[in-house]
Every structure is written in structure tokens, then in C-alpha cells.
Participant: 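Mind looking over this structure? Questions follow.
Counting convention: from 1, in listed order, for ligands and their atoms alike. As the structure is a computational prediction, the values presented were derived from the model and not from experiment.
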Amino acid sequence: MDLLTLKTWSPDDILRAVEMGLVIKKNPERYEGLLKGHTLAMLFQKTSTRTRVSFEVGMHQLGGQAVFLDWMATNFGLADVRDEAQVLSRYADVIMARMLKHEDLLRLTLGSEVPVINGCCDRYHPCQALGDLLSILEVRGKLAGTHVVYAGIWNNVCNSLVTACTKAGVRITAVTPEINKPSADPELVKAARATGLFEETLDLETAVADADFLYTDTWIDMEFFNNPEFAEEKERRAKLFMPYQINGDLLKKTDAYVMHCLPAHKGYEVTDEVMASERCIAVDQAENRMHIQKAVLLQMIGPERIT
Ligand code: CP
Ligand code: NVA
């Protein structure tokens with residue numbers, strides 16, 4: 001089973017991974033060494049802190065090995081992605097790839113003879129969303145009946161969060177005045193609406209009043225944030241989205257915990273004060289990436305190993 005987008009994962013698949021992630025977090029010693037002799041190949045076209053390290057350390061703790069491949073240091077760029085992926089899959093038991101474009105991830109998957117995990121592309125970030133469900137479960141002790149408000153730009157993180165929440169029984173309200181174009185996925189939104197758990201509004205203050213979690217992400221994806229050619233668009237977005245910033249004034253109107261996938265751009269989508277507040281669980285979210293990914297790796301490499 002691949003993990004390219006949560007659209008193809010059933011509610012049971014999602015809940016099983018999340019519950020297992022929590023068990024792994026509480027009893028890491030039970031899973032030590034279970035993936036001895038197995039290899040995860042990690043291919044990155046973009047930068048990463050959390051995804052790279054959480055997968056690498058998680059695989060190590062399970063007894064396996066992770067091989068890091070920086071796109072620019074490979075021959076992926078010279079050849080057909082599909083062909084290079086086929087070769088990579090002869091060395092590894094799972095491939096995790098962070099690709100700029102989802103279409104290239106799909107092409108890579110076509111060539112791979114082993115399961116492929118999406119480590120964040122322009123459209124989806126499924127590993128993040130699974131880890132976020134684990135964080136919600138950990139804080140609230142349940143998923144169903146909780147309410148998440150996502151504020152800011154509709155992007156890859158939002159896509160996966162909306163799918164994850166609506167499949168797991170979590171109510172989610174999107175307060176997103178604009179979509180990051182590559183993330184547009186009307187089919188995903190339609191499926192979310194059909195669950196009855198998804199709402200949209202631009203009234204952030206009303207939305208946060210009964211929120212359990214208030215989530216935001218960068219208004220500008222990582223590959224553009226410091227790109228001088230994107231400076232004008234960055235300024236435009238900063239003006240457009242500033243009313244949706246998670247700041248101290250907004251926190252006074254809600255008891256919600258604050259979530260952020262990180263890296264945070266303080267002064268843009270969230271303030272320093274909010275990131276430093278006790279209600280911000282972003283660092284726990286980052287830690288939980290590792291626990292949930294261990295669950296995913298165990299499910300992909302050896303279902304018979306799961307106890
Ligand atoms: N949240 C997340 O995926 O972080 P990185 O980009 O650092 O991997
Ligand atoms: N939307 C962000 C997510 C980072 C983990 C980006 O793509 O840069």
C-alpha cells in the first residue's frame with residue numbers, strides 16, 4: 001500500500017495507523033529491531049528538517065536503515081524518474097520522496113516495485129496529517145467530536161488535514177480566503193463535504209469560539225519563501241492573509257490549542273507570542289511525526305510484525 005494521498009486510505013486505514021502510532025509512542029521498546037535488515041530510501045527535491053529526521057531516526061529505532069538522497073546529488077534529474085525509481089526500489093523496501101510536483105511523485109511510484117510514501121509535494125502532506133491526528137488524539141483523548149479550525153491559505157497541508165479529519169470523525173472548518181493553486185482539488189473538497197464534518201467560512205472569530213484546535217501553516221511554500229522572484233507575490237499574500245494571522249488577540253477568543261506543521265514564519269501566519277504560549281503544541285506535533293511514521297513503516301514493510 002502506498003501513502004501518496006489520504007484520499008485512497010479508508011477511515012479504518014487512517015485510524016489503525018493513528019492508534020498504532022500512539023501505542024508505539026507509549027511503548028517504543030516493543031518495536032525496537034522489528035525492521036532489522038530493511039531499508040528506507042528517502043529522496044528529497046526540497047529541503048526538510050522534520051520529515052527527514054523523523055523518518056531517519058524512526059527507521060533506526062525500528063532496527064532498519066535509512067538512506068538519504070538529495071535530488072541534486074543523484075542522477076534522477078538526468079534520467080526518467082520512473083526508471084531511476086525502479087532501480088532505487090531494488091535496493092530499498094520502501095521509498096519516501098519529497099517531490100516538488102505531485103505528477104512526478106506519481107511517475108516515480110509507477111516505476112517503484114516497493115511502496116512509496118509522499119514526504120510532502122505541492123498538493124498533499126499525508127504524513128503530517130496522520131501525525132496531527134495522533135496529536136489531537138493525545139491531547140483530547142478522542143478524535144470523533146473534536147473540532148479543528150484551519151486558518152490561512154488552502155494548501156498541501158490543508159488538503160491532507162481536511163481528508164484526515166473528515167475520515168477520522170473530526171469536524172474541520174476551513175477559514176481560507178485563497179487557494180495555493182497547485183493544491184486545488186475539487187474532488188477532495190466534495191468528498192469532505194459529503195461527510196457532513198467539513199465547513200467553510202471567512203468569519204474566523206466565530207469559527208474559533210468552539211474550536212478545540214486552531215491550525216495554521218505558511219502562506220508561502222518553502223521553495224518560494226526566500227525566492228526574490230516571488231517577493232511581490234509574498235507581499236501580496238502577507239497583506240491578504242494578515243487578518244487571518246493567529247495572534248494573541250485571537251487566542252483571547254478561544255480556548256483552542258494552536259497547531260502548526262512547522263517551519264513557522266513568525267510575524268506572518270503566527271506570532272512569536274503564540275508560538276511561545278503554553279497552548280501551542282507544534283513541537284509535540286513534530287515529535288509525533290516520528291511515532292506515526294514508525295506505524296506506517298511497520299504496516300508497509302511487515303504487517304505480520306505488528307503486535
Ligand atoms: N512539517 C514538515 O514537514 O517539516 P519539514 O519541512 O521540516 O520536513
Ligand atoms: N505548506 C508547506 C508545508 C511545509 C511542511 C510547504 O509546502 O512548504
Participant: Quick one, list the residues around ligand 1 where some non-hydrogen atom comes in under 4.0 Å, by chain and residue number.
Facilitator: Ser48, Thr49, Arg50, Thr51, Arg98, His125, Gln128, Met222, Cys261, Leu262, Arg289
Participant: Find the distance between CZ (Arg123) and CG (Asn156) and round it off to the nearest 0.5 Å.
Facilitator: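 Taking CZ in Arg123 and CG in Asn156, the distance rounds to 10.5 Å.
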Participant: Indicate yes or no: does Asp13 engage Arg16 in a salt bridge with an N to O separation below 4.0 Å.
Facilitator: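 Yes.
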Participant: Under 6.0 Å between ring centres: does that hold for Phe225 and Tyr268?
Facilitator: yes
Participant: Would you please write out the protein residues whose heavy atoms approach any atom of ligand 2 to under 4.0 angstrom, listed by chain and number?
Facilitator: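 Within the 4.0 Å shell of ligand 2, which is judged on heavy atoms, sit His125, Asn155, Asn156, Val157, Asp217, Thr218, Asp221, Met222, Leu262.
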Participant: May I ask you to decide whether Glu200 forms a salt bridge with Arg193, counting only side-chain N to carboxylate O separations under 4.0 Å?
Facilitator: yes
Participant: If the test is side chain to side chain contact (heavy atoms under 4.5 Å, CB included), which one of Ile14, Leu134, Leu133 qualifies with Leu143?
Facilitator: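 The side chain to side chain contact (heavy atoms under 4.5 Å, CB included) with Leu143 is passed solely by Leu133 among Ile14, Leu134, Leu133.
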Participant: Could you check His102 against Tyr124 for ring pair (Phe, Tyr, Trp, His ring centres under 6.0 Å), going step by step and ending with a plain yes or no?
Facilitator: CA-CA 8 Å; His102 190 66; Tyr124 310 105; 4.9 Å; yes
Participant: Give a yes/no verdict on a cation-pi contact between Arg52 and Phe44, requiring under 6.0 Å between NZ or CZ and the six-membered ring centre and an angle within 45° of the axis.
Facilitator: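 Arg52 over Phe44 ring: no.
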Participant: Check Thr176, Leu214, Val162, Thr216 against Tyr150 for a side chain to side chain contact (heavy atoms under 4.5 Å, CB included) and give me the one that passes.
Facilitator: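 For Tyr150, the side chain to side chain contact (heavy atoms under 4.5 Å, CB included) check succeeds only for Thr176.
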Participant: So with a 6.0 Å cut-off around CZ of Phe55, is the heavy-atom count from everything else above 12?
Facilitator: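 Check passes, neighbour count above 12.
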